[in-house]
Protein chains: 2
Amino acid sequence: MLRRMEQMKQPRVESVEKALSILEAFTKDRPAMTLTEISVETGLYKSNVSRLAASLERYGFLKRDPNRRFRLGPALWRLGALYRRNFELGESVRPVLRQLVRETGETASFYVPDQDERLCLYRENSPDPVRHHLDEGARLTMHSGAAGHVLAAFYLGDSKAKSRLGTDGSCVSQGERNPHISAVAAPVIDANGQFHGALAVSGPHERLGHDALAKARIAVLSSARDLSQSLA
Amino acid sequence: MLRRMEQMKQPRVESVEKALSILEAFTKDRPAMTLTEISVETGLYKSNVSRLAASLERYGFLKRDPNRRFRLGPALWRLGALYRRNFELGESVRPVLRQLVRETGETASFYVPDQDERLCLYRENSPDPVRHHLDEGARLTMHSGAAGHVLAAFYLGDSKAKSRLGTDGSCVSQGERNPHISAVAAPVIDANGQFHGALAVSGPHERLGHDALAKARIAVLSSARDLSQSLA
DNA sequence: AAAGATGTTGCGCAGAATGGAACAAATGAA
DNA sequence: TTCATTTGTTCCATTCTGCGCAACATCTTT
């Protein structure tokens, strides 16, 4: 829970990190918690949580539902939308994703680094009912999957990840994160050399065999180049 | 900036509120700030901001762009998406909004309370090029506009706002917040009596005259009832 | 180079944040 | 109903964190 806090002695503000760890404790499967649950989940004392939560609530980062359970507050959505707007990305990325879906028939996504994980920032799903489904906003590990390797290599500078990449920066994975899914990913880097994220196409390995993957790789690389253009 | 903190002596954690006020300082027009700018904007000392920001950054609530300026971080987007999912609202609201647009030809929106303001959670724009445009995620005052009055009445319990409402809870405004815009709004309340937000239709007052407004009012009220059903 | 910003670090003191227990309020069982 | 249990808040003494501020780095600009 408070893993990150226990580390080295960099400048930090303890109570702030405790408060943030409360927010962090909310997940898709745990969208509402009682004070005691939060206390257990974070390892903080109830009295402490009570006070931290009060501040979070005042600023709209938490709110209490009719049963007085805590839920995430509207301020998060406002700021989340703002964060998202920062990337003018969206406007450039979406059309590219749709184009990729049209070309490959599979699902296309755009991932960015989020701490030591990766965040699915944008996604266009395959029209096929049998497809690799995932919500925008979902977080996956950065240490597996084609897009994961690309991010690890370009963002973290992970040398093991680098070695998995082709000279063009692309990466292929088959059944890595999920045994039934294959994927291709490529980095998106603007004219200034700034790394933005990874473009990926993924689908069931029944459809994405050797040949289909090779085709998809070309498509992804080409799209990544297009994106680089429009970001310059 | 720190208005909210200076108030009464409720349980709170000062440094946490300072940190949150840093996040609050980000706006659409100020999506990136240097440390000094944040310091000025929040009234906090630079050294203080530096340390608070370090913690926010560790948890992904802030990040630094290539020029080392601060921007909102990906954690916000993740949590924002989670917040939003809490309302299964979206899935119920969107179709209703689209239906309203079809019926009235004007823009339809759904507002929820956010602190002492109102947040435009969902919006479907009129197909007409001349329309009342506003982004999802935008915040407006709760003290003017038809939807504002509805929220003030039902959420804050503001008696002045209540007096502006019809017996059906609906409210009409003409040129209140913006001289060229008229609007109608109605509360959305589920079967348990839980208030969820305000449904509104808005457009240029040239089109939304007496008759059109009356028609829109019927449509909004009917849609609000439909929504109440699907939330029960 | 020199001058101006901008960001970070060190330090001592004030007082904020905390743990723990006692208290209050809600829930549920009997 | 009353009693037991769980959940949340308030109080208080102690401690150590967070703070202001100045000095120190680190970049920009001229």
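A note on names: the letters A, B, ... follow the listed sequences, proteins ahead of strands, and every chain is numbered from 1. Atom set for the values below is all heavy atoms of this structure, side chains included, hydrogens, waters and symmetry mates excluded.
In terms of modelled atom types and a separation under 3.5 Å, the side chain of E176(B) and the main chain of G145(B) share a donor-acceptor contact. Remark: side-chain polar atoms of S39(B) are not paired, donor with acceptor, to backbone N or O of L35(B) under 3.5 angstrom. A donor-acceptor pair under 3.5 Å links the side-chain atoms of T34(A) to the main chain of E37(A), judged by distance alone.
The side chain of E14(A) sits closest to dG18(D) out of dG18(D), dA17(C), dC19(D). For V13(A), counting side-chain heavy atoms from C-beta on, the closest listed nucleotide (dT8(C), dG18(D), dT10(D)) is dG18(D). When the nucleotides dG7(C), dA22(D), dG8(D) are ranked by their closest atom to the side chain of K46(A), dG8(D) comes out on top.
Mapped onto DNA chain D by nearest heavy atom, S50(A) and S15(B) fall at different nucleotides, with S50(A) at the one closer to the 5' end. Closest-nucleotide positions on DNA chain C for T36(B) and N48(A) were compared, and the one nearer the 5' end corresponds to T36(B). Residues V16(A) and L35(A) each lie close to DNA chain D; by heavy-atom proximity, the contact nearer the 5' end of the strand is made by L35(A).
The pair K63(B)-E57(B) does not count as a salt bridge, with every side-chain nitrogen at least 4.0 angstrom from each carboxylate oxygen.
Regarding L52(A), its CG atom lies at a distance of 10 Å from the C1' atom of dT18(C), rounded to whole Å.
No hydrogens or angles were tested; on distance alone, a donor-acceptor pair under 3.5 Å links the side chain of R51(A) to the base of dG19(C).
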